[in-house]
Protein chains: 2
Amino acid sequence: MSAMILVVEDEPAIRELVVLNLQQAGHRPVVADSAEQALALIRETLPDMILLDWMLPGMSGVELARRLKADGRTRGVPIIMLTARGDEQDKITGLETGADDYITKPFSPREMNARIKAVLRRRAPQMAGDVVEVTGLRLDPATHRVTGNDRPIELGPTEFRLLHFLMAHPERVYSRAQLLDQVWGNHVFVEDRTVDVHIRRLRCALEATGHDGLVQTVRGSGYRLSVHPNS
Amino acid sequence: MSAMILVVEDEPAIRELVVLNLQQAGHRPVVADSAEQALALIRETLPDMILLDWMLPGMSGVELARRLKADGRTRGVPIIMLTARGDEQDKITGLETGADDYITKPFSPREMNARIKAVLRRRAPQMAGDVVEVTGLRLDPATHRVTGNDRPIELGPTEFRLLHFLMAHPERVYSRAQLLDQVWGNHVFVEDRTVDVHIRRLRCALEATGHDGLVQTVRGSGYRLSVHPNS
DNA sequence: GCCAATATGACAGTTTGATGACAAAAAATC
DNA sequence: GATTTTTTGTCATCAAACTGTCATATTGGC
């Protein structure tokens with residue numbers, strides 16, 4: 001539910017209101033008043049999503065979106081365009097350049113939040129804040145609780161995030177490096193093998209309700225959360 | 001559904017029309033003809049909702065909305081903006097984002113009532129003015145009283161707001177930053193750690209009636225009010 | 001059996017939250 | 001207007017939980 005969202009908007013009034021709204025929704029807004037500044041910020045840390053004003057002084061929002069989509073590092077970051085009016089042409093151009101959605105001003109906070117959540121759910125499910133459940137194992141990000149067959153399970157912060165990520169992307173194998181990027185953050189320097197240890201701790205905690213079998217090892221590749229028996 | 005609704009509108013004709021409508025719908029309208037007067041009224045008693053003309057002499061409606069949203073005490077009060085359709089598009093653009101909804105003039109009574117009802121239905125629970133109760137712990141916003149198993153509990157202002165917010169949003173985890181935004185108001189500059197201290201004071205006060213267990217720590221995430229045992 | 005990959009247990013450093021004390025600020029009282 | 005009293009934010013310190021790494025055991029593939 002808590003995503004780092006970059007807001008690129010040159011008009012201070014609108015920018016502040018958007019920021020306020022994002023905070024209220026539990027996100028962490030970061031602001032830039034120009035495409036250039038946005039690029040600088042993105043170079044430092046990759047946001048989870050970008051809210052991008054269509055019209056910007058200097059490099060336009062469209063141009064910025066195009067650049068981001070051209071760069072492999074930033075291609076995956078969802079972009080929502082803020083456009084002045086529901087101009088069909090803008091819409092087409094915007095979606096062509098790779099925007100994931102667009103919002104036409106004036107917009108209600110409710111609409112904005114709904115669209116943000118929808119895009120997050122599509123691109124980064126573990127950020128959407130939805131309850132995830134797999135065969136009796138249930139994780140609720142909002143209350144930060146995990147239960148197995150309705151019995152509470154205690155997890156440390158890292159194990160919680162790890163399980164959350166795996167449950168949000170079931171049936172798919174992730175390498176240790178990928179897990180480090182997704183769960184730890186893509187800037188930290190930790191040993192690959194550390195993942196093993198946390199996987200073990202997670203399995204340990206899940207053992208109490210017999211859900212430890214869900215976390216499977218894929219030899220030579222990484223780990224996976226799957227409902228299907230392993231071998 | 002009877003709510004106290006503050007109408008901020010400088011033009012007498014429209015004001016009266018709106019007031020009449022509200023009365024007919026069973027609400028209790030209170031009027032102000034300027035943002036300044038509105039602030040004065042709000043200082044006395046918190047309305048359940050605000051209908052706000054965006055064009056006002058002196059402080060504009062937009063500015064008022066921003067102030068209200070910046071103050072922890074008033075930020076939960078739903079705001080519906082009244083905007084004139086004929087006004088310059090670009091001025092209106094995005095300005096309503098501080099509001100929960102907006103109505104463009106001229107509007108039908110039917111539309112107004114529908115929107116009011118919708119907003120009231122989903123308004124922030126702690127602003128409803130309703131008594132909140134959790135397992136014998138009871139907080140009455142109207143009388144500003146807290147009791148545990150019918151025994152009075154003394155709380156400082158901050159602890160009261162903190163408890164109120166938590167009780168209005170039970171089971172959900174809030175980070176220190178979120179609590180500072182929601183309870184203190186997001187303009188203040190206070191240390192994150194200060195939240196810890198107030199949580200402790202709150203627990204201290206609740207200890208007398210054995211309700212201190214409700215306020216739970218979620219390591220690495222924040223705090224939560226929950227009826228479920230922690231460990 | 002041999003090799004490589006993974007599991008496991010232990011450990012020390014680090015982070016995080018709880019707690020008590022304190023002074024500034026605000027409110028209430030005289 | 002001065003003086004208590006209450007409230008508030010910050011800090012230093014302590015205990016507990018968590019984390020990353022390593023050494024060693026175990027497993028699976030050939």
Side-chain angles (χ1 to χ4, degrees), chain A residues 144 146 152-166 173-181 183-185 187-207 212-226 229-231, chain B residues 43 71-73 144 146 152-166 173-181 183-207 212-226 230-231:
Chain A
H144 209 273
V146 182
I153 294 176
E154 299 294 325
L155 289 182
T158 304
E159 280 75 53
F160 185 89
R161 288 200 309 276
L162 179 58
L163 179 61
H164 190 188
F165 177 76
L166 290 175
V173 181
Y174 289 93
S175 69
R176 292 175 175 73
Q178 285 176 312
L179 288 175
L180 283 177
D181 279 0
V183 179
W184 273 254
H187 54 294
V188 294
F189 169 66
V190 256
E191 284 292 321
D192 270 19
R193 292 278 135 216
T194 298
V195 177
D196 297 28
V197 179
H198 283 276
I199 286 281
R200 177 183 152 272
R201 286 171 182 155
L202 178 55
R203 281 174 175 156
C204 241
L206 296 183
E207 210 167 19
D212 55 307
L214 293 180
V215 180
Q216 303 174 350
T217 304
V218 179
R219 197 184 173 81
S221 297
Y223 296 95
R224 168 181 61 194
L225 186 136
S226 171
N230 201 353
S231 55
Chain B
R43 203 171 300 127
D71 184 351
R73 195 177 77 97
H144 212 272
V146 182
I153 294 177
E154 297 296 324
L155 288 182
T158 303
E159 280 75 51
F160 183 87
R161 289 201 308 276
L162 180 58
L163 179 61
H164 190 189
F165 176 77
L166 289 176
V173 178
Y174 290 94
S175 68
R176 292 176 176 73
Q178 284 177 314
L179 288 174
L180 283 177
D181 281 359
V183 179
W184 274 255
N186 62 355
H187 59 297
V188 293
F189 169 66
V190 249
E191 285 291 321
D192 269 19
R193 295 270 136 225
T194 298
V195 177
D196 297 29
V197 180
H198 283 276
I199 286 281
R200 177 180 156 277
R201 286 170 182 156
L202 179 55
R203 280 174 175 156
C204 248
L206 296 183
E207 210 167 19
D212 55 307
L214 293 180
V215 180
Q216 303 174 350
T217 304
V218 178
R219 196 185 172 84
S221 295
Y223 295 96
R224 165 180 65 194
L225 186 137
S226 171
N230 201 354
S231 57

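Because only heavy atoms are used, hydrogens play no part in the values below, and waters and symmetry mates are left out as well, while side chains stay in.
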Decide side chain to side chain contact (heavy atoms under 4.5 Å, CB included) for B:V173 and B:Q178; before the verdict, give the C-alpha distance in whole Å, the side-chain angles of both, and the deciding distance to 0.1 Å. CA-CA 10 Å; B:V173 178; B:Q178 284 177 314; over 6 Å; no
Heavy-atom closest pair, residues [X] and [Y]:
X      : Y      : answer
A:D212 : A:E207 : OD1-CA, 3.8 Å
B:L155 : B:L163 : CD1-CD2, 3.8 Å
B:V183 : B:L162 : CG1-N, 3.7 Å

I'd like to know whether B:L206 forms a side chain to side chain contact (heavy atoms under 4.5 Å, CB included) with B:L214, so could you lay out the CA-CA distance, the side-chain angles of the two residues, the decisive distance to 0.1 Å, and finally the verdict. CA-CA 9 Å; B:L206 296 183; B:L214 293 180; 5.5 Å; no
[X] [atom1] - [N] [atom2] separation (whole Å):
X      : N      : atom1 : atom2 : value
A:R203 : C:dT6  : CZ    : P     : 11 Å
B:D212 : C:dA18 : CG    : C1'   : 13 Å
A:R200 : C:dC11 : CZ    : C1'   : 13 Å
A:D196 : C:dG9  : CG    : P     : 14 Å
B:I199 : D:dT7  : CD1   : P     : 18 Å

Output yes when a side-chain donor or acceptor of A:R224 lies under 3.5 Å from a complementary backbone atom of A:Q216, and no otherwise.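 Absent.
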5' to 3', nucleotides 13-21 of chain D under a 4.0 Å protein heavy-atom cut-off (B base, S sugar-phosphate only, - none) gives ----BSBBB
Listing time: all N or O pairs from protein to nucleotides 23-25 of chain D that are below 3.5 Å?
none

DNA chain C: 5'-proximal contact among A:C204 and A:G222 (nearest heavy atom): A:G222
Just checking, is any N or O donor in the side chain of B:S221 or A:H144 under 3.5 Å from an acceptor N or O on the other one? yes
Which is true for B:Y223 with a 4.0 Å heavy-atom rule: it touches a base, it touches only sugar-phosphate, or it touches nothing?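 Since only primed, P, OP1 and OP2 atoms lie under 4.0 Å of B:Y223, the category is sugar-phosphate.
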Distances under 3.5 Å between protein N/O atoms and the N/O atoms of nucleotides 23-28 of chain C, please, pair by pair.
none

Measure the [atom1]-[atom2] distance between [X] and [Y] for me, rounded to the nearest 0.5 Å.
X      : Y      : atom1 : atom2 : answer
A:Y223 : A:D196 : OH    : CG    : 3.5 Å
B:I153 : B:L202 : CD1   : CG    : 9.0 Å
A:R176 : A:E191 : CZ    : CD    : 11.5 Å

Should A:R176 be listed as having a side-chain N or O under 4.0 Å from OP1 or OP2 of C:dA5? no
Is A:T217 near enough to C:dA5 that one of its side-chain N or O atoms lies under 4.0 angstrom from OP1 or OP2? no
Looking at A:R161, A:R203, A:E159, which one forms a side-chain hydrogen bond (donor to acceptor under 3.5 Å, both in side chains) with A:H198?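 Testing each of A:R161, A:R203, A:E159 against A:H198, the sole residue satisfying side-chain hydrogen bond (donor to acceptor under 3.5 Å, both in side chains) is A:E159.
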